[in-house]
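Data block below; observations after.
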Amino acid sequence: PNKHAVAPSELASYFGKQTCSFLQKIGAFADELQVPVYLVGGLVRDFFLKRPHKDIDLVVEGDGIAFAKQLATAFGGSVRSHESFGTATWANEQDIDIVTCRKEFYLQKGALPTVRPASIYEDLARRDFSINAMAIQINRSSFGNVLDVFQGKQALIDKHIRILHPLSFIEDPTRLFRAVRFGLRLNFSLSSETIHQATKTGAALHHISAKRLRQELDLLANEGVLFEGFRQLADLHVWTTLFGSRFSERAWRHMANLQQHGLNDGMFFLLAGAVDCTRLDVASRYALTKQEKRLVEETSLPVWQQLAPTASLGEAHRDLARISSEIVRFYSEAELPLSPLLRRYAEKRTQFKPLLTGADLLKAGYQPGPVFTQWLLEIECLQLDGHIATKDQALAWIAEKT
Ligand code: CTP
């Protein structure tokens with residue numbers, strides 16, 4: 001193994017003195033139990049890059065949950081554990097995630113792993129990219145020793161995202177999304193072998209569950225790089241695999257507009273792709289909620305073909321009143337002949353205050369029934385077109401009808 005050491009002072013200046021001496025205390029305690037313990041993964045990457053880190057992740061050779069419980073007994077605090085993953089969170093001075101070294105084993109491609117005890121080397125070898133596959137030991141005698149078997153530090157210098165073995169993406173196709181995300185975040189590029197393997201992932205991509213794919217898209221969106229991420233994923237053949245065809249330039253402009261106008265959401269991007277290559281079934285597969293499934297269904301309503309781009313706002317409202325405002329906004333960014341009308345309509349709809357409600361009709365003595373809905377819609381349309389402007393005019397219009 002390629003061992004270098006990091007000086008305790010370097011760890012102290014990154015983590016702060018207090019956290020660093022806390023880590024030293026944990027390391028000394030682990031020595032007594034003869035448990036090898038390491039800082040690991042993204043945390044080590046961020047330490048070398050001097051980028052802020054979120055959590056403290058420790059990995060132990062041995063039983064991570066038992067170790068977390070022993071720490072809590074010795075130093076106080078509480079432990080939440082996930083037995084099936086061999087992971088625990090120890091809440092003390094700060095939350096520390098403690099994981100059992102494992103040699104990941106996939107029951108089903110893209111699904112969650114089951115745990116087998118393993119050495120630190122096996123644990124590092126199962127990881128996604130060399131920059132995420134380094135560890136720093138914190139046991140007293142080895143405090144600061146770096147384990148970097150896969151030349152992760154060199155990859156940080158080269159600004160490369162590099163997989164550890166050729167089947168990495170087949171084993172876990174969500175890594176394509178991770179590769180793109182880390183690349184965009186750190187301004188790194190995928191190494192040529194990594195690109196080569198990524199583009200060969202093929203059908204394994206279909207094994208990513210809807211939930212995990214959407215999580216990955218949310219992570220890209222949260223980092224503000226959803227559009228760029230979608231583009232790079234296209235270069236890696238992700239969308240041609242999932243949708244069966246390329247997205248047109250118009251679909252890409254649609255996505256760019258969506259991002260620019262705040263519909264910066266994986267579901268809308270998927271929908272833009274699906275509408276473009278008429279694969280609503282793919283969008284449905286990745287729609288997680290009932291509301292999202294409804295959005296997908298709304299895109300196949302005839303109104304998008306039938307509504308004239310020259311229609312008035314009132315005429316548009318007659319057709320669109322029951323359609324969710326998200327889908328109206330979605331199409332208003334689609335560069336369709338209809339889009340300018342939809343944009344004006346969407347804007348009006350957000351500020352719209354109806355002149356009449358059902359309660360007004362009851363008060364005026366009308367018998368409630370389905371006709372109420374019709375009247376109220378009609379009043380809204382007339383109001384939008386400026387034909388009536390007051391409650392009295394609205395009531396007069398209804399009186400004339402009856
Ligand atoms: N990991 C992996 N394969 C995955 C997911 C995670 O090998 N599909 C490993 C990587 O070593 C990663 C670590 O698990 O560093 C932790 O995963 P995660 O918290 O998702 O990644 P971080 O690198 O910590 O990312 P972030 O900076 O976004 O928190």
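Note: hydrogens, waters and symmetry copies are ignored here, and every other heavy atom, side chains too, is used. Remember, it's 1-based here, ligands and their atoms both numbered in the order they're listed.
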Numbered atoms of ligand 1 (with element) below 4.0 Å of [X], judged on heavy atoms:
| X | answer |
| --- | --- |
| Arg181 | 28 (O) |
| Gly42 | 15 (O), 23 (O), 24 (O) |
| Asp172 | 4 (C), 8 (N) |
| Gly41 | 15 (O) |
| Arg175 | 2 (C), 3 (N), 7 (O), 8 (N) |

Check [Y] with [X], please: is the shortest side-chain N to carboxylate O separation under 4.0 Å?
| X | Y | result |
| --- | --- | --- |
| Asp123 | Arg102 | no |
| Arg126 | Glu171 | no |
| Arg214 | Glu292 | yes |
| Arg181 | Glu216 | yes |
| Arg294 | Glu298 | yes |
| Glu326 | Arg349 | no |

Based purely on interatomic distance, does [X] place a nitrogen or oxygen under 3.5 Å from a nitrogen or oxygen of ligand 1?
| X | answer |
| --- | --- |
| Asn132 | yes |
| Asp128 | yes |
| Phe182 | no |

Seminar exercise, completed: Restricting to heavy atoms, the pick from Glu171, Arg178, Lys54 nearest atom 18 (P) of ligand 1 would be Arg178

Problem set entry | Heavy-atom nearest option to atom 9 (C) of ligand 1, drawn from Arg185, Arg45, Arg127 |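 The nearest heavy atom belongs to Arg127.
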
Seminar exercise, completed: NZ of Lys50 to OG of Ser13, rounded to nearest 0.5 Å, is 6.5 Å

